[in-house]
Amino acid sequence: MNTFIVYDSQFGNTERIAQAIADTLRAFGQASAVRVDPAYPVEFQGVDLLILGCPTQGMRPTPAMQSFLGNVSSQRLSGLAVACFDTRFRGFLWKSSAAPRMARQLRTMGVEPLVPPESFFVKAMKKEGPLLAGEVERAASWARMLHEKYEASESHLVAQ
């Protein structure tokens, strides 16, 4: 399985989660994580699983991730398994976050995420967080679950 993680990170928390996911998925094949950069288009050739992740800002994805999603064509995503995650504060009044919005945008492009969007939590809403204890380990667990879902979806396709 060839996994490509495109992420944005403001204070390093989302990058830590993206790297933990990539590190875990390397047990099952190639996995790399790159920061989104509008100046450098991303190539998906040979990619099986695309994972998008960014911090939640204003209850939505970062401008860089919004730009990425706005500029990638549905044809480039066709045939890819996709998943989304975000980092955010776990607040009482928190109504939305980046990952569900990214997943919704993918659906409007005709791409159904492999799993529901996931959030990883930071300690404070201000500045750098940091990540809550256990979130990096939870990201590794989420990555293993993604691999299992991917394998199950691929075996289902082969059986048809």
Side-chain angles (χ1 to χ4, degrees), residues 1-40 42 44 47-72 77 80-109 111-151:
M1 180 173 83
N2 185 0
T3 303
F4 196 64
I5 303 165
V6 178
Y7 70 90
D8 195 15
S9 189
Q10 303 299 305
F11 300 104
N13 296 307
T14 307
E15 182 175 19
R16 285 186 62 206
I17 296 295
Q19 291 300 336
I21 292 167
D23 290 347
T24 301
L25 291 176
R26 283 189 191 102
F28 309 107
Q30 292 182 334
S32 57
V34 298
R35 183 180 231 127
V36 67
D37 184 344
Y40 297 99
V42 175
F44 300 130
V47 171
D48 301 306
L49 174 61
L50 173 66
I51 302 171
L52 304 178
C54 72
T56 298
Q57 293 183 342
M59 303 210 183
R60 61 179 43 97
T62 61
M65 187 57 74
Q66 289 181 55
S67 175
F68 173 80
L69 283 166
N71 290 317
V72 68
L77 298 175
L80 288 179
V82 296
C84 302
F85 74 92
D86 61 38
T87 53
R88 68 180 180 90
F89 178 70
R90 185 187 302 207
F92 176 68
L93 297 175
W94 207 270
K95 298 282 189 234
S96 185
S97 66
R101 287 178 180 250
M102 291 187 289
R104 189 168 37 249
Q105 188 165 352
L106 288 166
R107 283 188 198 97
T108 65
M109 299 167 72
V111 179
E112 184 62 35
L114 186 61
V115 296
E118 187 64 54
S119 290
F120 299 95
F121 299 102
V122 297
K123 191 173 191 173
M125 198 160 53
K126 304 276 189 220
K127 301 249 177 188
E128 65 276 350
L131 288 165
L132 288 177
E135 290 302 273
V136 171
E137 294 79 7
R138 199 164 68 78
S141 177
W142 186 70
R144 286 187 291 276
M145 182 272 303
L146 276 176
H147 174 259
E148 290 168 10
K149 291 280 189 182
Y150 175 80
E151 289 296 315

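Note that the coordinates shown come from a computational prediction; the quantities given were computed from them, not determined experimentally.
- In terms of heavy atoms, Asp86 sits closest to Pro100 at OD2-CD, 3.8 Å.
- The structure places CG of Leu106 at 9.0 Å from CD of Glu112, a figure rounded to the nearest 0.5 Å.
- The backbone N or O of Pro63 lies less than 3.5 Å from no partner atom in the side chain of Ser67, so there is not a single donor-acceptor pair.
- Closest of all the heavy-atom pairs between Gly70 and Gln105 is N-NE2, 3.8 Å.
- Side chains of Phe44 and Val72 form a contact here, defined as non-hydrogen atoms less than 4.5 Å apart.
- Arg138 contributes atom CZ, which lies 10.0 Å from atom CE of Met145 (distance to the nearest 0.5 angstrom).
- For the residue pair Asn13/Thr87, the side-chain donor-acceptor check at 3.5 Å is not satisfied.
- Within the 4.5 Å cutoff, the side chain of Leu146 has no heavy atoms near those of the Thr3 side chain.
- Of all heavy-atom pairs between Ser96 and Thr56, the closest is O-CG2, 4.4 Å.
- Put simply, the side chain of Gln57 never gets that close to the backbone of Thr62: no donor and acceptor are under 3.5 Å apart.
- Checking side-chain atoms of Asp48 against main-chain N and O of Asn2 turns up a donor-acceptor pair under 3.5 Å.
- For the pair Cys54/Gln10, no side-chain contact is recorded, criterion being any heavy-atom separation below 4.5 Å from C-beta on.
- Considering only heavy atoms from C-beta on, Arg26 comes within 4.5 Å of Asp23 through its side chain.
- Residue Gln66 holds its CD atom at 11.5 Å from CG of Asn71, rounded to the nearest 0.5 Å.
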In sequence, state the C-alpha distance, the side-chain angles, and the governing distance for Val111 and Leu80, and then conclude on side chain to side chain contact (heavy atoms under 4.5 Å, CB included). CA-CA 8 Å; Val111 179; Leu80 288 179; over 6 Å; no

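- Between Leu52 and Val82, every side-chain heavy-atom pair lies at or beyond the 4.5 Å cut-off.
- The nearest pair of heavy atoms linking Phe4 to Val6 is CE2-CG2, 3.6 Å.
- For the atom pair Thr14 OG1 and Arg88 CZ, the distance stands at 12.5 Å (nearest 0.5 Å).
- Atoms CG and CE, from Leu49 and Met1 in turn, are 5.0 Å apart once rounded to the nearest 0.5 Å.
- To the nearest 0.5 angstrom, Glu137 atom CD is 10.0 Å from Leu131 atom CG.
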How far apart are the C-alpha atoms of Ile21 and Phe85, what are their side-chain angles, what is the distance that settles it, and do they pass the side chain to side chain contact (heavy atoms under 4.5 Å, CB included) test? CA-CA 11 Å; Ile21 292 167; Phe85 74 92; 3.9 Å; yes

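- Residues Glu135 and Arg16 are not paired through a salt bridge, judged by the lack of any N-O separation under 4.0 Å between the basic side chain and the carboxylate.
- When every heavy atom of Glu118 is checked against every heavy atom of Ala99, the shortest pair comes out as O-CB, 3.8 Å.
- Residues Phe120 and Trp142 meet the side-chain proximity criterion, which asks for heavy atoms closer than 4.5 Å.
- Between Cys84 and Ala103, the closest heavy-atom pair is SG-N, 3.8 Å.
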Audit row: Phe68, Asp8, side chain to side chain contact (heavy atoms under 4.5 Å, CB included) steps and yes/no: CA-CA 10 Å; Phe68 173 80; Asp8 195 15; over 6 Å; no

